[in-house]
Amino acid sequence: MRDAYHEELDSIGDGLVEMARLVGSAIGRATTAMLDADLKLAESVIEGDQKVDDLQHDLEARAIALLARQQPVATDLRIVVTSLRMSADLERSGDLAQHVAKLARLRFPERAVPQDLHATILEMGQLAQRLMAKAAEVIVTKDVDLAMQLEQDDDEMDLLHRTLFTHLIDDRWKHGIETAVDVTLLGRYYERYADHAVAVAKRVVYLVTGEHADELQQQDIQPVTGAEGV
C-alpha cells in the first residue's frame with residue numbers, strides 16, 4: 001500500500017517533468033513560427049497546448065485524490081501542494097507559448113517582428129527554452145543550487161526585454177503602431193514565461209528545504225540538496 005502511494009507521488013513528478021518539456025518545446029517552436037512566418041508550425045503549437053492542459057488537469061485530479069485518500073503530512077504534504085502550484089505555472093507557460101504562436105498566425109503571411117529585431121526575439125525565445133529546460137532538470141534532480149541560479153539567469157531575459165523597449169522608444173522607429181504593439185506583447189510573453197520557469201524552480205527549493213528561496217537568499221544559507229518524492 002505504501003509502495004503504491006509513493007509510486008503515485010513519483011508519477012506526479014513525472015507529469016511535471018513532461019509538462020515542462022512540452023512547454024519548453026512549445027516556446028521554441030512558437031519562436032520559429034513567429035520569425036519564419038510558418039503557419040503550419042504555429043498551428044501545431046496552438047493545438048498542442050491542449051495536451052499541456054490535459055496533463056495539468058490529470059495531475060491536479062491525482063494530487064487531490066492523494067490528499068483525500070492518504071491525508072499526507074510533513075514532506076509528503078509539501079510535495080503534493082507544491083506540485084499543484086508548479087503545474088499551474090507550467091500550464092500558464094504553455095499558454096504564453098500559444099500566445100506567441102497565435103500572433104504568428106494573426107500576422108501570416110507577414111512577419112510580426114521587423115528584421116532589425118529578429119536577433120533579439122530569437123535570443124529571447126532560445127533563453128526561454130533554456131530556462132524551462134533547466135527548470136525541468138531541477139524538478140528531476142532537486143538540485144537547490146541549480147534552482148537558485150535560475151533567478152540570476154532570468155536577469156538576462158529582463159535585459160533583453162529592456163532592449164526591445166529601447167528600440168520602441170527610439171525616434172528612428174519606422175515600423176508603425178501595429179508592429180510596436182506586437183513587439184510589446186511579444187516581449188511581455190517571453191518575460192512572463194521566464195518568470196514562470198523561475199517560479200517552478202523556487203517551488204522546488206521550498207519542496208526540498210521547507211523554506212522559500214527568497215528567505216534563503218536573505219539568510220545567505222547554503223541548503224542541503226536532495227529530497228524524496230516528486
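Residues: numbered from 1 along the sequence shown.
Ile27 has its side chain within reach of Val100: a pair of non-hydrogen atoms, C-beta onward, lies under 4.5 Å apart. Looking at heavy atoms from C-beta onward, Arg69 lies in side-chain contact with Glu8 at the 4.5 angstrom threshold. Using a 4.5 Å heavy-atom threshold, the side chains of Thr31 and Gln129 count as separate. At least one side-chain heavy atom of Val113 sits under 4.5 Å from a side-chain heavy atom of Leu35. Between Leu90 and Val52 there is no side-chain heavy-atom pair separated by less than 4.5 Å. When side chains are defined from C-beta on, Leu39 counts as touching Glu43, because their heavy atoms get closer than 4.5 Å. Looking at heavy atoms from C-beta onward, Tyr190 lies out of side-chain contact with Leu127 at the 4.5 angstrom threshold. Contact of the Glu156 side chain with the Glu123 side chain is registered, since non-hydrogen atoms from C-beta on lie closer than 4.5 Å.
Linking Ile, Leu, Val, Met, Phe, Trp and Tyr residues whenever their side-chain heavy atoms come within less than 4.5 Å leaves Ile64 and Leu9 in two separate clusters. One hydrophobic cluster, built from ILVMFWY side chains closer than 4.5 Å, cannot hold both Leu159 and Met124; they sit in different ones. Both Leu207 and Met148 are members of a single hydrophobic cluster when ILVMFWY side chains are connected at heavy-atom separations under 4.5 Å. Ile46 and Leu106 sit in two unconnected hydrophobic clusters of ILVMFWY residues. Membership requires side-chain heavy atoms under 4.5 Å apart, directly or through other members. In this structure, Tyr206 is not a member of the same hydrophobic cluster as Val198, with clusters built from ILVMFWY side-chain heavy atoms closer than 4.5 Å.
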Check: Can you list the steps and then say if Val144 with Val204 is a side chain to side chain contact (heavy atoms under 4.5 Å, CB included)?
Finding: CA-CA 7 Å; Val144 172; Val204 174; 5.8 Å; no
Check: For Glu178 and Arg107, what are the C-alpha separation, side-chain angles and deciding distance, and is it a side chain to side chain contact (heavy atoms under 4.5 Å, CB included)?
Finding: CA-CA 10 Å; Glu178 183 177 85; Arg107 299 304 175 209; 3.5 Å; yes
Margin query: Please determine whether side chain to side chain contact (heavy atoms under 4.5 Å, CB included) holds for the pair Asp195 and Met157, giving the CA-CA distance in whole Å, both sets of side-chain angles, and the decisive distance to 0.1 Å.
Written below: CA-CA 9 Å; Asp195 285 347; Met157 183 66 81; over 6 Å; no
Note to self: Checking Arg78 against Thr75 for the side chain to side chain contact (heavy atoms under 4.5 Å, CB included) test, could you report, in this order, the C-alpha distance in whole Å, the side-chain angles of both residues, the deciding distance, and whether it holds?
What the structure shows: CA-CA 5 Å; Arg78 197 159 69 232; Thr75 301; 4.0 Å; yes
Next item on the list: Carefully, step by step, assess Gln50 and Asp54 under the rule side chain to side chain donor-acceptor pair (under 3.5 Å).
Entry: CA-CA 6 Å; Gln50 185 60 51; Asp54 290 344; 2.9 Å; yes
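Note that CG of Asp49 and OG of Ser44 are 11.5 Å apart. Values are rounded to the nearest 0.5 Å. For the atom pair CZ of Phe108 and CG of Asp36, the computed distance is 11.5 Å after rounding to the nearest 0.5 Å. Rounded to the nearest 0.5 angstrom, Met34 CE and His118 NE2 are separated by 9.5 Å. Once rounded to the nearest 0.5 Å, the distance linking OG of Ser87 with CZ of Arg203 reads 9.5 Å. Summarising the geometry, atom CZ belonging to Arg111 is positioned 13.0 Å from atom OG1 belonging to Thr179; distances are rounded to the nearest 0.5 Å. Put simply, CE on Met86 and CG on Leu16 are 5.0 Å apart, with the number rounded to the nearest 0.5 Å.
Minimum interatomic distance between Asp153 and Lys134 (heavy atoms only, all atoms of both residues): OD2-NZ, 2.6 Å. Minimum interatomic distance between Ile12 and Leu59 (heavy atoms only, all atoms of both residues): O-CD1, 3.5 Å. Contact detail for Leu103 and Ala112: the closest heavy-atom pair is CG-CB, 4.2 Å. Closest approach of Leu41 and Asp38 over heavy atoms only: N-OD1, 3.0 Å. In this structure, Val45 and Ala97 approach most closely via the heavy-atom pair CG1-O, 4.0 Å. Here the shortest heavy-atom pairing between Ala194 and Leu131 reads CB-CD1, 3.6 Å.
No donor-acceptor pair under 3.5 Å is formed between the side chain of Glu91 and the backbone N or O of Asp53. Side chain of Ser25 to main chain of Leu22: no donor-acceptor pair is present (N/O by atom type, distance under 3.5 Å, no hydrogens or angles).
Heavy atoms of other residues, nucleotides or ligands lying less than 6.0 angstrom from CZ of Arg192 number more than 12.
A ring-ring contact (aromatic ring centres under 6.0 Å, His included) check over residues 135-173, counting only residues at least two apart or in different chains, returns the pairs His161-Phe165, Trp173-His175.
Under the side-chain contact (heavy atoms from CB on, under 4.5 Å) rule, Glu137 has a single partner from Val140, Thr141, Ile139, which is Thr141.
By the 4.0 Å N-to-carboxylate-O rule, Asp58 lies close enough to Arg62 to be salt-bridged with it. At a threshold of 4.0 Å, the pair Glu191-Arg188 counts as salt-bridged, since one of the basic side-chain nitrogens sits closer than that to a carboxylate oxygen. With salt bridges taken as basic N to acidic carboxylate O contacts below 4.0 Å, none links Arg92 and Asp89.
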